[in-house]
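Shown next, in structure tokens, is the structure this report addresses.
So that the names make sense, note that chain A is the first sequence line, chain B the second, and so on, each numbered from 1.
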Amino acid sequence: MAGGLGCDVCYWFVEDTQEKEGILPERAEEAKLKAKYPSLGQKPGGSDFLMKRLQKGQKYFDSGDYNMAKAKMKNKQLPSAGPDKNLVTGDHIPTPQDLPQRKSSLVTSKLAGGQVE
Amino acid sequence: FAGAGGGGCPWCFSQVKGAIDEDVAEADIISTVEFNYSGDLLATGDKGGRVVIFQREQENKSRPHSRGEYNVYSTFQSHEPEFDYLKSLEIEEKINKIRWLPQQNAAHFLLSTNDKTIKLWKISERDKRAEGYNLKDEDGRLRDPFRITALRVHVAFPMDLMVEASPRRIFANAHTYHINSISVNSDHETYLSADDLRINLWHLEITDRSFNIVDIKPANMEELTEVITAAEFHPHQCNVFVYSSSKGTIRLCDMRSSALCDRHSKFFEEPEDPSSRSFFSEIISSISDVKFSHSGRYMMTRDYLSVKVWDLNMESRPVETHQVHEYLRSKLCSLYENDCIFDKFECCWNGSDSAIMTGSYNNFFRMFDRDTRRDVTLEASRESSKPRASLKPRKVCTGGKRRKDEISVDSLDFNKKILHTAWHPVDNVIAVAATNNLYIFQDKIN
């Protein structure tokens with residue numbers, strides 16, 4: 001299973017016990033993860049993962065979707081926000097009640113007030 | 001101060017700041033800690049966009065036990081939450097970094113930044129008030145100029161010390177991505193700011209212009225393979241800076257070679273054993289912090305499991321590798337699932353570069369003495385917070401047999417992370433941020 005590169009076949013024989021112990025835990029963890037999530041891609045550091053990091057804070061709102069959903073729900077109770085409040089595209093249509101408070105409270109930090117020992 | 005790092009000299013509890021909250025409010029989570037150049041001031045930033053500055057008490061014969069104590073000096077709201085409507089982007093007010101400027105006059109200056117905007121703050125003291133103005137009354141009302149028949153010189157009266165913080169410069173709109181670092185240059189005139197893909201150079205006096213000095217954005221974003229994770233200017237050579245990446249590499253750039261430093265002067269990377277590569281390899285190799293030594297000869301990088309010291313003259317591999325919490329290697333699966341594997345730990349040097357410190361989980365932090373090669377694990381907790389009480393070294397048990405004072409890996413609290421620590425530039429005083437509390441420890445000699 002290890003080795004990987006054709007020209008490095010000799011790694012099999014050079015590995016000492018110490019090295020093997022260092023390699024095994026990480027590989028075992030990888031196997032555990034792949035067992036739980038079989039569709040997990042090969043390259044964790046790839047484009048998708050990095051793009052998600054770059055898009056932190058992105059909050060899209062489609063007023064068309066919002067108004068259509070409101071019209072559809074006219075006669076029913078508006079569903080309250082699901083567990084993932086940050087999801088504002090797709091199935092969940094945000095309502096003004098769902099959005100977190102934008103303004104900071106301007107309360108003094110507890111480091112400046114509070115207990116001083 | 002040899003031995004203070006690695007367990008030679010015991011560390012003692014000095015102070016703790018912050019409330020004992022069962023449910024910690026998000027805004028109270030400390031996001032950055034930084035001593036100024038003299039160590040007399042200690043600044044913290046939090047997720048609520050607030051900055052609190054502590055000042056060290058002077059030696060006072062009448063209160064000897066309070067010598068060296070840090071007390072609140074100033075506090076202000078640095079950043080507010082914003083929404084960029086054009087890009088549908090929510091901009092957090094969280095203070096990512098604070099960097100002090102060297103002191104040049106009575107006032108103190110610092111740079112604080114959130115994801116998008118850097119601000120220069122002036123903190124000044126006022127301990128006198130003036131009376132006897134010519135153009136206005138004592139209550140502030142303007143006097144009718146035609147009624148003024150004689151000139152007088154105002155008299156200054158002492159008043160209770162007032163510390164005022166005012167924003168002097170706002171450096172905005174220069175970053176498309178999220179700012180992770182700021183670094184003041186040794187020329188004391190310029191500084192750099194780095195986001196995921198670009199690094200900009202600013203002049204402290206000029207807010208409407210900045211120079212882009214590194215740009216790693218690919219023409220096609222599908223080809224994106226790595227991002228910039230940290231950047232810092234060399235402490236003495238004003239033309240040199242380094243930046244680290246999510247792939248575990250560090251590039252050193254020289255601004256004399258070209259205006260756009262896309263081509264590095266030095267490239268630091270430790271060769272990887274291809275047979276040990278796993279799904280996690282790249283993630284845990286991502287560098288979360290890079291810091292030059294005070295001497296400027298070395299730099300230190302922090303990745304998920306270790307701290308490495310590099311000699312700037314040797315690019316092929318680090319000269320030292322210190323394991324922070326190697327026992328987590330067999331927990332990577334669950335650490336990936338709970339996102340802890342993406343935690344960004346910082347690291348710092350002591351004043352003489354003989355010791356280094358970094359945080360871990362369960363409110364543990366680690367110190368490595370580079371001279372004696374000893375290391376110690378300490379804990380920031382309320383339980384060991386009696387004045388001048390020595391901190392007891394902690395040990396994490398990895399095997400089956402757990403000794404009485406050891407803690408097993410599975411009992412570690414991964415919500416108690418120490419991401420931010422700072423070491424006084426001269427003395428053995430350290431500041432450790434444990435979520436919403438700030439701990440200050442000193443060595444016994446002090």
Side-chain angles (χ1 to χ4, degrees), chain A residues 1-5 8 11-12 14-15 19-20 22-37 40-51 53-61 86 88 99-117, chain B residues 15-21 27-28 30 44 46 48-52 54 71-72 75 77 80-83 87-93 115 177-178 196-197 221-227 246-247 273-283 286 329-333 336-337 385 387 436 438:
Chain A
M1 171 190 135
L5 304 176
D8 286 345
Y11 262 93
W12 280 102
V14 171
E15 260 182 326
E19 214 173 80
K20 231 184 153 112
I23 293 168
L24 276 179
E26 214 171 298
R27 285 284 174 83
E29 291 296 299
E30 179 174 4
K32 239 193 267 177
L33 193 69
K34 293 242 164 96
K36 278 195 186 182
Y37 310 101
L40 204 58
Q42 244 332 98
K43 263 174 61 72
S47 179
D48 291 339
F49 164 67
L50 290 176
M51 288 303 287
R53 176 190 172 133
L54 294 180
Q55 278 172 2
K56 171 189 129 185
Q58 206 80 53
K59 294 246 179 328
Y60 292 112
F61 175 76
N86 290 323
V88 290
L99 297 176
Q101 274 288 352
R102 292 299 322 142
K103 267 276 171 233
S104 67
S105 62
L106 294 181
V107 173
T108 306
S109 163
K110 287 179 187 171
L111 291 184
Q115 295 186 27
V116 174
E117 278 170 49
Chain B
Q15 296 169 276
V16 61
K17 310 281 185 190
I20 308 172
D21 285 327
D28 290 329
I30 299 169
T44 61
D46 64 23
R50 300 163 300 188
V51 171
V52 182
F54 301 93
N71 294 318
V72 180
T75 180
Q77 186 80 32
E80 304 254 355
E82 286 175 68
F83 199 91
K87 296 179 185 168
S88 291
L89 192 67
E90 187 178 274
I91 301 168
E92 278 187 321
E93 67 273 36
D115 282 338
Y177 302 99
H178 299 100
D196 292 308
L197 297 178
M221 283 299 264
E222 305 265 308
E223 291 161 26
L224 183 68
T225 55
E226 66 182 327
V227 294
S246 53
K247 275 180 146 177
D273 176 4
S275 66
S276 67
R277 190 160 179 85
S278 77
F279 174 85
F280 304 109
S281 299
E282 193 173 302
I283 302 175
S286 175
R329 200 179 285 271
S330 52
K331 300 287 170 199
L332 292 176
C333 179
Y336 180 88
E337 290 181 285
S385 300
N436 62 327
L438 182 73

Q.
Test your reading of the model: is there a side-chain donor-acceptor pair from Q58(A) to the backbone of K87(B), 3.5 Å cut-off?
A. yes
Q.
Can you tell me how far apart CD (E222(B)) and CE (M51(A)) are? Round to the nearest 0.5 Å.
A. 7.5 Å
Q. Which atom names give the shortest non-hydrogen contact between S278(B) and E26(A), and what distance separates them?
A. OG-OE2, 2.8 Å
**Q.** Engaged part of N436(B) at the chain A interface, taking heavy atoms whose separation is under 4.5 Å
**A.** backbone
Q.
As a quick check of understanding, evaluate side chain to side chain contact (heavy atoms under 4.5 Å, CB included) for L111(A) and D46(B), giving each step before the final call.
A. CA-CA 10 Å; L111(A) 291 184; D46(B) 64 23; over 6 Å; no
Q) Any side-chain heavy atom of L332(B) within less than 4.5 Å of one from E30(A)? A) no
Q | F279(B) backbone acceptor or donor facing R27(A) side chain under 3.5 Å | A | no
Q) If you count heavy-atom pairs under 4.5 Å between each of K32(A), K36(A), E29(A), K56(A) and chain B, which one has the most? A) E29(A)
Q: Identify the heavy atoms of L33(A) and E337(B) that sit nearest to each other, and give their distance.
A: CD1-CG, 4.2 Å
